[in-house]
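So that the names make sense, note that chain A is the first sequence line, chain B the second, and so on, each numbered from 1.
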Number of protein chains: 2
Amino acid sequence: MTVDKFFEHVDKQQDDYVQRLREIVAIPSVSCDLAYRKDVVRMGEWLINELEKLGATTKRVEPGTQVLEGQTIDLPPVVLGTYGTDPNKKTLLVYGHYDVQPALKEDGWRTDPWQLTEDQQGRMFGRGSTDDKGPVLGWLCVIQAHKDLGLELPVNLKFCFEGMEESGSEGLDDVIHQEANAYFQGVDAVCISDNYWLGKTKPCLTYGLRGVSYYRITIAGPGQDLHSGVFGGTVHEPMTDLVNVMARLVTPEGKILVPGIMDEVAPLTDEERATYQGLEFSMKEFCAAAGSECNVHEDVEATLMHRWRYPSLSLHGIEGAFHAPGAKTVIPAKVIGKFSIRTVPNQTPARVTELVKEHVKAEFAKLNSRNTLDVDCLHDGKWWISSPNHPNFVAGARAVERVFGAKPDLTREGGSIPVTLTFQDALQKNVLLLPMGACDDGAHSINEKLDRRNFVEGIKLLGAYLHELSAIEL
Amino acid sequence: MTVDKFFEHVDKQQDDYVQRLREIVAIPSVSCDLAYRKDVVRMGEWLINELEKLGATTKRVEPGTQVLEGQTIDLPPVVLGTYGTDPNKKTLLVYGHYDVQPALKEDGWRTDPWQLTEDQQGRMFGRGSTDDKGPVLGWLCVIQAHKDLGLELPVNLKFCFEGMEESGSEGLDDVIHQEANAYFQGVDAVCISDNYWLGKTKPCLTYGLRGVSYYRITIAGPGQDLHSGVFGGTVHEPMTDLVNVMARLVTPEGKILVPGIMDEVAPLTDEERATYQGLEFSMKEFCAAAGSECNVHEDVEATLMHRWRYPSLSLHGIEGAFHAPGAKTVIPAKVIGKFSIRTVPNQTPARVTELVKEHVKAEFAKLNSRNTLDVDCLHDGKWWISSPNHPNFVAGARAVERVFGAKPDLTREGGSIPVTLTFQDALQKNVLLLPMGACDDGAHSINEKLDRRNFVEGIKLLGAYLHELSAIEL
């Protein structure tokens with residue numbers, strides 16, 4: 001009954017919620033650009049103010065300084081909040097971010113990116129609409145709706161909203177580790193709404209992310225760039241060595257050529273295979289998203305497995321070689337090849353790096369080159385995997401069924417959301433990824449949008465999830 | 001007797017000549033930079049003025065316009081000149097260029113690049129000192145010295161001085177072809193002093209240049225750059241295809257893998273092999289110039305053969321991939337690999353391109369990729385070869401013996417000086433490359449210099465060459 005009343009109220013109030021989304025999309029909180037830093041801070045302060053108005057207590061954490069465009073400036077605040085402290089209720093920690101990617105009308109936006117604009121299909125265009133202002137606001141709307149109705153929230157909430165997610169979450173990990181046994185004391189579960197459905201119509205719960213290990217192969221020889229007329233044919237050219245080594249990393253079909261790299265990969269169980277059935281995903285959609293029929297695998301199952309549960313290796317580019325349009329007859333003296341491996345359970349970053357280094361060195365040795373080679377790992381982030389059978393996920397699944405009348409897709413992501421693992425490690429609690437937006441929302445792209453349906457039903461979903469969570473045994 | 005008097009006079013007047021070199025080094029005639037275009041024109045006008053003062057008639061040719069930094073501007077003039085029209089004398093056409101490479105003190109120059117500065121070893125540092133203002137001025141000093149001594153020049157001279165050599169000689173070919181049967185009518189031989197000795201102490205005559213054919217391999221697939229987290233392992237990545245194809249072009253030892261590419265290469269004769277003996281060149285010097293011991297071949301003979309008379313293939317870089325410092329997890333949607341082949345007698349550019357295209361397409365086909373490939377030739381320039389037995393070269397060799405008391409090295413160059421072939425083709429006359437500078441002059445580099453000895457003995461050499469040329473049967 002309570003939840004139904006809440007649903008009805010959300011439907012009724014939806015224009016208000018959209019209006020408030022319009023209000024915050026208008027704050028251009030671009031975290032990577034010095035000129036917008038004041039707006040990022042303004043957005044953080046908007047949240048503090050709204051949380052306080054709702055009756056939450058807040059804590060503004062200043063995570064320190066950063067150097068941006070040559071200037072040392074304050075990082076935007078991490079906004080912590082507490083709504084409810086009833087010891088008889090579970091406590092859920094909610095994470096979101098209030099900063100956004102840059103957006104310029106000239107980049108090809110059909111509408112002003114800072115003016116939420118809804119079309120006749122209910123698509124609400126605006127920077128940050130889906131990533132991640134819509135979901136962040138969604139949590140606030142859930143509280144507002146309950147207050148409007150005189151209903152108590154079934155759980156206590158803690159908030160952690162950051163303003164640097166689009167710029168590497170600088171400063172956040174320290175805050176989380178510092179507050180794990182302080183402000184976040186007593187948290188029972190974590191929920192993050194900052195990814196996307198697999199398709200356009202069916203909600204999902206996300207229980208896995210790949211890790212990423214980023215490598216650099218540096219090959220150097222000549223003391224300076226050489227003229228290919230004078231030296232071509234007489235020196236060991238670093239570029240020749242590098243493309244030979246890079247060609248020995250992965251096949252055109254995506255098979256990683258590093259010996260032993262698959263040894264740690266978790267075997268595929270029948271149970272896991274079954275979860276790949278009936279997902280809202282088609283090869284047509286996949287090719288539409290990729291922009292061409294450049295798919296390696298013919299079916300959905302293989303494609304998603306290679307996105308989610310198998311490692312992949314991508315070559316990103318070469319630093320130090322000629323990269324401009326036109327023709328330049330240079331022999332580059334030092335070239336740096338960049339590639340990364342998306343890692344999966346149960347690979348360990350240290351072992352992956354060990355195998356990569358061994359392989360790269362062995363392949364380079366075969367070339368008998370007089371140049372020198374160095375291979376190093378620029379950064380690595382571990383994969384994350386949870387269980388869709390964990391009560392936190394079951395609560396999420398029940399909420400989906402309640403709002404949408406269907407079971408959610410159980411998905412993983414090929415990319416990384418590093419904060420997920422940070423929360424899990426620091427708090428030792430289960431983390432649920434419960435997305436609001438659809439696969440075609442275009443976060444980071446021009447014409448980013450959030451469908452009105454996803455926003456409204458998403459608010460219902462977040463609310464319903466709180467009720468399901470309160471009822472389940474964790 | 002005449003020549004000896006000329007030599008003595010040059011020795012006596014050398015400080016004057018250096019002072020005049022100082023005067024023109026101070027004109028920053030950088031052809032690739034809009035800000036210096038007025039100085040390029042000023043330098044051209046300086047030459048016209050000096051030629052007229054010496055008694056030459058001149059013709060200022062305006063070769064048209066170019067687009068530079070978004071602006072359409074006039075190309076600098078091609079300065080033509082005639083000194084002497086005696087039908088009983090031979091007529092020599094002399095080519096040189098009066099523009100220079102850019103130079104900034106901040107780049108690491110020890111002295112002001114626009115202020116000719118001589119050190120205790122007689123090294124005269126300054127941009128353009130050796131490339132090509134020293135040699136151009138050298139010709140004028142030869143005339144001046146003869147005038148001072150009341151001596152007649154033994155040949156008629158025609159001049160062709162351009163101001164765009166460092167920027168692809170834009171407009172020059174048309175001028176040469178237009179004037180071949182007009183202003184250049186009656187020319188018997190051509191001399192260019194715009195390259196360098198093989199070593200530091202021994203002069204040379206240069207009788208060959210490699211050609212160059214520049215290629216672009218374009219591989220495209222996805223509709224836009226993709227995120228490697230989302231798409232890694234599921235799409236045919238253009239970078240993977242490209243490094244695989246590029247790795248099949250040339251071995252780390254420089255062996256070109258294009259089938260048939262060596263078929264047209266002229267066989268090495270015993271006579272030719274003999275010319276590689278006794279050259280002023282050592283592997284130590286080679287490694288010093290390359291900046292490391294990255295040499296493929298162990299001896300001078302093999303090294304110089306691979307620079308001069310065998311083709312080479314260099315990989316220059318990749319356009320469209322990630323090339324900046326740092327880490328970016330992009331799958332580039334379209335990448336363009338650049339490479340060039342230095343071509344040699346008797347390769348034909350059309351056949352080389354045909355073989356390259358066939359090979360690249362065949363290698364790409366092996367990958368079974370769903371991406372698309374295109375391979376095209378951006379530009380090609382033919383090799384040039386002359387005979388050191390031609391009377392024009394014999395005259396040059398005799399002049400070297402007269403000034404330096406030793407036979408010149410007979411050299412070729414691995415790079416191109418395209419105007420050489422243009423003159424030969426347009427005028428159907430022999431072209432002699434008669435360098436003034438030493439191997440370590442550092443044209444195009446910081447701290448470019450011309451040794452006083454090379455300048456002074458070089459003026460003598462150019463003058464002696466005119467006398468030898470007048471005496472020989474062409």
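- The minimum heavy-atom distance between B/Leu249 and B/Leu315, with the atom names listed, is CD1-CD2, 3.8 Å.
- Neither the backbone nor the side chain of A/Tyr310 comes within contact range of chain B, judged by heavy atoms closer than 4.5 Å.
- Residue-environment remark: CD (B/Glu253) exceeds the threshold of 12 foreign heavy atoms within 6.0 Å.
- For the set B/Gly337, B/Ala289, B/Ala302, B/Ser314, the entry with the most heavy-atom pairs within less than 4.5 Å of chain A is B/Ser314.
- Interface summary for chain B: among A/Gly232, A/Pro332, A/Pro311, the most heavy-atom pairs under 4.5 angstrom belong to A/Gly232.
- In this structure, the portions of A/Gln224 lying under 4.5 Å from any heavy atom of chain B include both its backbone and its side chain.
- For A/Ile318, the parts lying near chain B are the backbone and the side chain together; criterion is any non-hydrogen pair under 4.5 Å.
- For A/Phe286 and B/Phe231, the ring centers are positioned less than 6.0 Å apart.
- Side-chain atoms of A/Trp308 come within 3.5 Å of backbone N or O of A/Arg412 as a donor-acceptor pair.
- Heavy atoms closer than 4.5 Å to chain B are found in the side chain of A/Leu226, but not in its backbone.
- The contact between A/Pro325 and chain B is made by backbone and side chain atoms together, counting heavy-atom distances below 4.5 Å.
- One N or O on the side chain of A/Asp225 and one on the backbone of A/Ala333 form a donor-acceptor pair closer than 3.5 Å.
- A donor-acceptor pair is defined here as one N or O able to donate and one able to accept, closer than 3.5 Å; no such pair exists between the side chain of A/Asp441 and the backbone of A/Ala443.
- In this structure, chain B has heavy atoms under 4.5 Å from both the backbone and the side chain of A/Arg307.
- Side-chain contact check for B/His236 and B/Asp241: no donor-acceptor pair (N or O, by modelled atom type) lies under 3.5 Å.
- Comparing B/Ala327, B/Ser340, B/Gly223 by heavy-atom pairs within less than 4.5 Å of chain A, the highest count is held by B/Ala327.
- B/Leu367 touches chain A through backbone and side chain together, each having a heavy atom under 4.5 Å away.
- Although no hydrogens or angles enter the test, the distance criterion places no donor-acceptor pair under 3.5 Å between the side chain of B/Arg370 and the main chain of B/Gly221.
- The side chain to side chain contact (heavy atoms under 4.5 Å, CB included) with B/Asn371 is formed by just one residue from the set B/Ile219, B/Thr240, B/Leu242; it is B/Ile219.
- Using a 4.5 Å cut-off between heavy atoms, B/His227 contacts chain A through its side chain alone, with no backbone atom that close.
- Between chain B and the residues A/Pro252, A/Ser312, A/Gly254, A/Ser292, the most heavy-atom pairs under 4.5 angstrom are made by A/Pro252.
- Side-chain N or O atoms of A/Gln347 include one that pairs as donor or acceptor with a backbone N or O of A/Ile261 at under 3.5 Å.
- Neither the backbone nor the side chain of B/Ser445 has a heavy atom closer than 4.5 Å to any heavy atom of chain A.
- Of the listed residues B/Ile336, B/Thr329, B/Leu209, B/Leu313, the one with more heavy-atom pairs under 4.5 angstrom with chain A than any other is B/Thr329.
- Proximity to chain B (any heavy atom under 4.5 Å) is restricted, for A/Thr251, to the backbone atoms N, CA, C and O.
- Annotation: maximal heavy-atom pairing with chain B below 4.5 Å, among A/Glu237, A/Met239, A/Arg342, occurs at A/Arg342.
- Residue A/His444: no heavy atom, backbone or side chain, is found under 4.5 Å from chain B.
- Top candidate by heavy-atom pairs under 4.5 Å with chain A, chosen from B/Ala321, B/Ala220, B/Pro238, B/Pro222, is B/Pro222.
- Note on A/Gly320, A/Cys294, A/Ala247: by heavy-atom pairs under 4.5 Å with chain B, the leading option is A/Cys294.
- Most heavy-atom pairs under 4.5 Å with chain A, from the set B/Ala324, B/Ser369, B/Ser416, B/Cys287: that is B/Ala324.
- Note on B/Lys328, B/His379, B/Glu413: by heavy-atom pairs under 4.5 Å with chain A, the leading option is B/Lys328.
- Under the 30°/60° scheme for interplanar angles, the aromatic rings of A/His306 and A/His297 are found to lie parallel.
- The environment of A/Glu293 atom CD is sparse: at most 12 non-hydrogen atoms of other residues, nucleotides or ligands sit within 6.0 angstrom.
- A donor and an acceptor atom, one from each side chain of B/Tyr196 and B/Thr206, are nowhere located under 3.5 Å apart.
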